[in-house]
Amino acid sequence: PQAWGQHEAPRRVKRAWVIPPISVSENHKRIPHLLVQIKSDKQQPGGVIYSIKGPGVDEEPLGIFSIDKFSGKVFLNAMLDREEQDRYRLRAFALDLGGVTLEDPTDLEIIVVDQNDNRPLFRQDVFTGSVVEGAEPGTCVMTVDATDADDPDTDNAALRYSILEQGAAGMFSINATTGEICTARPGLDRETMGVYNLTVQAADMSGDGLTTTAMAVIYLEDINDNPPEFTKEEFSMEVEEQAAGVDMGKVFVHDKDLAGSPSWLAKFTILEGDPEGAFAIRTDPHTNDGVLSVLKPLDHEVRDRFELTVSVQNERPLEPSAPGSPRALATVRVRVRDVNEAPAFRENPRRISVLEGTPPGTAITTYTASDPDSHQLQSLSYALLYDPADWLQMDPRSGTVRTKRELLHPSAFLQGGWYIALVLARDDAEPPLSATGTLSIEILEVNDHAPQLQPPAGVLCGRPGRGGTLLLGATDDDRPPPPGPPSPPLSPQHPQLARNWSLARFNGEVTHAVLAVLAELPEGPYSLPLLLRDSGTPPREQQQLLNVSVCRCGRDGACLDGALAAASAGAGITLGALMIIVGSTILLLVLVALGAARVRGRRRALRKGLLQRSRDDMRDNILNYDEQGGGEEDQDAYDINQLRHPELFSPRAKPPLRRDAPLGSGTPVAPRKLPSSPSDIEEFINEGLEAADSDPSVPPYDTALIYDYEGSGSVASPLSSIVSSLTDEDQDYDYLSEWGPRFRRLADLYG
C-alpha cells in the first residue's frame with residue numbers, strides 16, 4: 001500500500017461528481033424547489049453521506065439552500081432576489097458512513113436569473129432648467145435621467161424617455177435614450193408663458209416594460225423685447241404757486257418684461273413745455289412709474305398752466321429681435337393753484353433825506369409794498385414796527401410817513417447821521433401775511449448855529465513885533481464843515497480898530513486866526529468887536545466882543561508883571577461873571593470860619609473835661625496806661641504824685657503822705673515772699689493791697705501786676721509777658737500833646 005501510494009496515478013474525477021452551474025429564477029415561488037442531485041459512485045447507494053456548505057447554508061443568509069444527505073438532492077427553500085445577490089458559491093462533500101471522505105469537495109454555483117421586477121427611478125422628482133425667450137429650435141435646456149435595479153445586461157434595465165405632457169404647442173422634445181430636453185419650435189415668449197411644466201416618463205424593456213414619471217420645469221429668461229408704454233395718453237396734475245421741491249403726481253407706465261429686471265426699468269424724459277427747467281421727473285424703483293416734481297417756485301399771476309410732453313423708454317436697449325414700435329409719449333397738464341402770497345417792498349431799504357428841525361406833521365415819504373396776488377381782491381395796511389425815538393407816524397392805508405415831533409441832531413438814536421425805522425405791511429387774507437421794510441432817514445445838518453469865539457479874552461504884549469499876538473479860534477455846534485475864522489477881520493462898524501489891530505489866518509487854517517497889534521499900545525483892558533461867520537449854506541454870523549489886556553513887554557515879548565496883566569485881563573470880565581466870583585468867595589470864607597469855630601469849641605470842651613478829671617484819684621487809670629509786667633519798675637515813668645500835688649515837690653517840701661493809705665501804717669518790707677502754695681493766694685493779695693496803700697514812695701503800678709499771681713506751678717504763662725512783648729513803636733502817643741500842659745511831659749517822653 002505504501003508503494004501504491006507512491007506510484008499512484010492521478011485519479012480521474014467522475015462526471016457524476018462534477019456539477020455544472022445551476023440557474024434559478026429570482027422570485028421563484030414554488031418552494032422547496034429541487035435544484036440538482038449530486039452523486040458519488042464510490043460506494044453503493046445508501047452508503048454515502050452528502051453535505052453542502054457556504055452562503056445560504058451555514059453562512060448568512062441562512063436556510064436558503066439544503067441537501068438530502070442520503071440522496072444528494074439540493075433544494076431551494078426561499079425566494080431569491082437578484083438585486084440583493086445574483087449568485088451563490090457552495091461546496092459539496094461526500095463521506096462514508098464512518099465519516100471518511102469519499103470524494104474531494106466540489107463547487108456548486110447557483111446563478112440567480114433576473115426578472116423585470118424593478119421599475120425605473122428618476123434621480124429627482126422635479127428637474128428645473130431655463131432658456132431665454134425666443135430661443136431657436138434645438139436649443140437644449142436640461143437632461144433628465146433615471147436608473148433601473150434590474151440586470152443592466154438585459155432588457156429589464158433598458159430605459160427609454162418620453163414627454164407625456166407639456167401643454168399646448170409642443171415647444172419641447174426629449175431624446176428617448178439620453179433624456180436630454182431641447183426646444184422643438186420657435187416662438188418662446190416669456191410674456192405669453194413664462195414657465196413650462198413637462199411630465200417626463202422613463203420605461204424599461206426598451207420602453208415596453210415598467211414605467212415611472214417626473215416633472216421638468218422650464219423657465220423662460222426675459223429679454224428686453226417689450227418697450228414700456230403709458231397707461232393713458234394724458235395726465236393732469238396741480239401744484240401750489242411758490243412751492244418748490246415737492247412732488248406733483250405720477251405718470252403710470254406698463255412694461256411686459258419681467259418686473260424688477262433691467263429690461264423692465266423705465267427712464268422718463270420731459271421733451272417739451274419746460275424751457276426754464278422748473279420741473280423734473282424720476283422713476284419710482286418699486287412701481288416703475290414716473291414721479292413728476294416742481295423744482296422752482298411758480299407764480300400763478302405770471303403763468304397758471306403748463307403742458308408737458310413726457311417720453312419713456314427702458315434703461316436697457318431693446319433686443320434686435322423685438323418688434324419695432326414708436327416711442328411712448330404722454331401729455332401732462334399742470335395747473336398752478338393760486339395761494340395767498342406775502343406782500344413785498346420793491347425798494348428795501350428805502351433811503352430818504354430830511355432836514356433837521358423839520359416841523360411835526362411834515363410828510364417825508366410814502367413807503368408802500370405791492371401784493372403779488374393781483375387776481376385776488378386784497379388790500380394792504382401799514383404800521384411802524386420799529387421807531388426807537390418815536391419820531392414818526394404812518395398812515396395805515398396810504399403808507400405816508402410823517403414826522404411826529406421835531407427831528408433833532410445830534411441824537412442817541414442816530415447811527416452815523418441815519419435814523420433807522422421798520423415798516424410792516426400786511427394783507428387782509430386769511431391767514432394774513434406780512435412783509436417788513438427798512439426806512440433809512442438821513443438827518444441833514446442845517447446851519448442854525450453861529451460860531452463862538454474861543455477864547456473870549458486874552459493877554460498880549462502891547463508892542464508890535466515883540467510878542468504882541470494872540471491866537472484865536474472858533475467853535476460851532478453844527479456838524480462839519482468847520483466854522484471860519486473872524487471874517488471880515490474886524491467889525492465893519494468900527495473901522496478905526498484897523499489902525500491898531502490886525503487879524504489874519506493862522507497858517508492858512510480856517511478855524512484859527514492871529515490877533516496882532518499894529519502900533520504900540522498903553523497898558524490896560526481893550527474890548528474889540530469881532531464879526532464871526534461860518535462856511536455853511538446860508539452862512540451864519542454874529543458879532544462878539546474880545547476882551548484883551550495889554551501888558552508891558554519884556555525882552556522876550558512876555559509880560560513883565562504877570563499878576564498885573566492877569567488882573568487887568570480880569571477887567572474885561574462881564575459884571576455877571578464878576579458877581580458870581582465874589583459871591584462864591586464870600587460863601588467859601590463863611591464856611592471856613594464856621595468849621596474853624598466848631599473845631600475850636602470841641603477842643604475847649606475836651607480840655608475842660610481833662611482838667612476836671614485830673615482832680616480825682618487817677619491811680620487806677622494810670623495803671624492801665626503804662627503797665628509793663630510784674631515786678632518791672634520803669635525808672636523813667638512820670639511821677640503821678642507831681643500831678644496830684646505839684647506844691648509838694650518843691651525843694652523845701654516835706655515827705656508826702658498817701659491820702660488813700662490808712663493812718664499810722666508802716667512801710668511794708670519789700671520785696672515780699674511769694675506764697676508757697678495756691679491755697680494762701682487770698683492772704684497774698686491782701687498783703688499786696690496793704691503794701692500798695694501804705695507805701696507812698698512806690699507807684700501803684702509796681703504792685704498791681706502781683707495781683708495776677710495764679711499760684712505756683714501754673715501751666716499758663718503770666719499775662720505780663722503779653723504786655724511786655726509790645727514795644728513803644730506799637731503805640732501812637734502823639735495824642736498826648738492835645739491833652740493840655742499836664743501831659744506835655746508824657747508827650748515829650750513817648751510822643
Side-chain angles (χ1 to χ4, degrees), residues 119-148 159-204 207 210-231 252-268 283-290 312-325 327-328:
R119 292 179 178 276
L121 295 176
F122 281 102
R123 296 186 182 275
Q124 57 194 66
D125 295 333
V126 179
F127 296 86
T128 59
S130 61
V131 63
V132 296
E133 60 176 334
E136 297 293 331
T139 302
C140 293
V141 181
M142 70 176 76
T143 298
V144 296
D145 59 339
T147 59
D148 197 318
L159 304 181
R160 296 295 182 267
Y161 300 95
S162 61
I163 297 176
L164 298 182
E165 184 180 355
Q166 61 173 323
M171 302 300 295
F172 299 94
S173 63
I174 189 169
N175 187 304
T177 303
T178 62
E180 188 175 24
I181 300 176
C182 302
T183 58
R185 298 175 59 183
L188 290 175
D189 188 2
R190 192 206 64 84
E191 288 73 35
T192 302
M193 181 175 290
V195 180
Y196 287 86
N197 296 313
L198 281 64
T199 302
V200 295
Q201 175 183 278
D204 57 13
L210 301 177
T211 63
T212 187
T213 59
M215 292 294 298
V217 181
I218 300 175
Y219 296 94
L220 296 188
E221 295 180 356
D222 185 45
I223 62 174
N224 191 16
D225 57 347
N226 294 280
E229 297 177 353
F230 288 102
T231 58
F252 301 98
V253 296
H254 173 69
D255 195 322
K256 296 179 182 179
D257 292 323
L258 180 63
S261 67
S263 302
W264 174 77
L265 293 177
K267 180 176 63 176
F268 297 88
T283 303
D284 187 334
H286 302 289
T287 63
N288 210 34
D289 299 322
V312 63
Q313 59 186 6
N314 288 125
E315 293 280 354
R316 175 179 291 183
L318 288 174
E319 294 291 334
S321 59
S325 62
R327 194 174 190 179

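Values in this document were obtained by computation on a predicted structure and should not be read as measured data.
Between Ile181 and Ala216, the closest heavy-atom pair is CD1-CB, 3.9 Å. Closest approach of Glu133 to Asp222, counting heavy atoms only: OE2-OD1, 2.9 Å. In terms of heavy-atom proximity, Gly207 sits nearest to Arg160 at N-CG, 3.6 Å. Summarising the geometry of Val312 relative to Ala266, their closest heavy-atom pair is CG2-CB, 3.6 Å, with the distance given to 0.1 Å. Among all heavy-atom pairs drawn from Ala184 and Pro137, the shortest one is O-CB, 3.8 Å. Listed here is the closest heavy atom pair of Leu198 and Phe172: CD2-CB, 3.8 Å.
No side-chain heavy atom of Thr287 sits under 4.5 Å from any side-chain heavy atom of Phe252. Pro262 is not listed as a side-chain neighbour of Asn224, based on a closest heavy-atom distance of 4.5 Å or more. Contact of the Gln201 side chain with the Ser162 side chain is registered, since non-hydrogen atoms from C-beta on lie closer than 4.5 Å. Contact of the Asp148 side chain with the Leu210 side chain is not registered, since no non-hydrogen atoms from C-beta on lie closer than 4.5 Å. Put simply, the side chain of Asn197 reaches to within 4.5 Å of the side chain of Met215, judged on heavy atoms.
For the side-chain contact (heavy atoms from CB on, under 4.5 Å) test with Tyr161, the passing option among Ile174, Thr178, Val200 is Ile174; the others fail. Of the residues listed (Glu191, Lys256, Arg190), the one engaging Asn226 in a side-chain hydrogen bond (donor to acceptor under 3.5 Å, both in side chains) is Glu191, and it is the only one.
Without hydrogens or angle criteria, Asp289 side chain to Asp284 main chain gives no donor-acceptor distance under 3.5 Å. Not one N or O on the side chain of Thr283 forms a donor-acceptor pair closer than 3.5 Å with the backbone of Gly290. Distance alone, capped at 3.5 Å, places no donor-acceptor pair between the Asp125 side chain and the Ala214 backbone. Distance alone, capped at 3.5 Å, is enough to place a donor-acceptor pair between the Thr183 side chain and the Glu136 backbone.
For Gln124, the CD atom counts as densely surrounded, since its 6.0 Å shell holds more than 12 non-hydrogen atoms of other residues, nucleotides or ligands. Counted within 6.0 Å of CD on Glu165, heavy atoms from surrounding residues, nucleotides or ligands total 12 or fewer; the atom is thus considered open.
Between the OG1 atom in Thr231 and the NE2 atom in His254 there is a gap of 10.0 Å [rounded to 0.5 Å]. Between the CE atom of Met193 and the CD1 atom of Ile218 there is a distance of 11.5 Å, given to the nearest 0.5 Å. Atoms CD and NZ, on Gln313 and Lys267 in that order, are 4.5 Å from each other to the nearest 0.5 Å. Atom-to-atom distance recorded for Ser263:OG and Leu258:CG is 8.0 Å, nearest 0.5 angstrom. Atom CE of residue Met142 and atom OG1 of residue Thr128 lie 6.0 Å apart, to the nearest 0.5 angstrom. Between Leu318 atom CG and Asp257 atom CG the span is 8.0 Å, to the nearest 0.5 Å.
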Arg119 and Thr211: CA distance, side-chain angles, deciding distance, side-chain contact (heavy atoms from CB on, under 4.5 Å) verdict: CA-CA 6 Å; Arg119 292 179 178 276; Thr211 63; 4.1 Å; yes
For Leu188 and Thr139, what are the C-alpha separation, side-chain angles and deciding distance, and is it a side-chain contact (heavy atoms from CB on, under 4.5 Å)? CA-CA 11 Å; Leu188 290 175; Thr139 302; over 6 Å; no
Full working for side-chain contact (heavy atoms from CB on, under 4.5 Å) between Arg123 and Thr147: CA-CA 7 Å; Arg123 296 186 182 275; Thr147 59; 3.5 Å; yes
Step-by-step side-chain contact (heavy atoms from CB on, under 4.5 Å) determination, Leu159 to Asp145: CA-CA 10 Å; Leu159 304 181; Asp145 59 339; over 6 Å; no
Using the rule given for side-chain hydrogen bond (donor to acceptor under 3.5 Å, both in side chains), can you reason through Asp255 versus Asn288, listing the C-alpha separation, both sets of side-chain angles and the distance that settles it, and then say yes or no? CA-CA 9 Å; Asp255 195 322; Asn288 210 34; 5.1 Å; no
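Below 30°, between 30° and 60°, or above 60°: for Phe122 and Phe127 the angle between ring planes is above 60°, a perpendicular geometry. Using cut-offs of 30° and 60° for the angle between ring planes, the Phe230 and Phe268 rings count as tilted.
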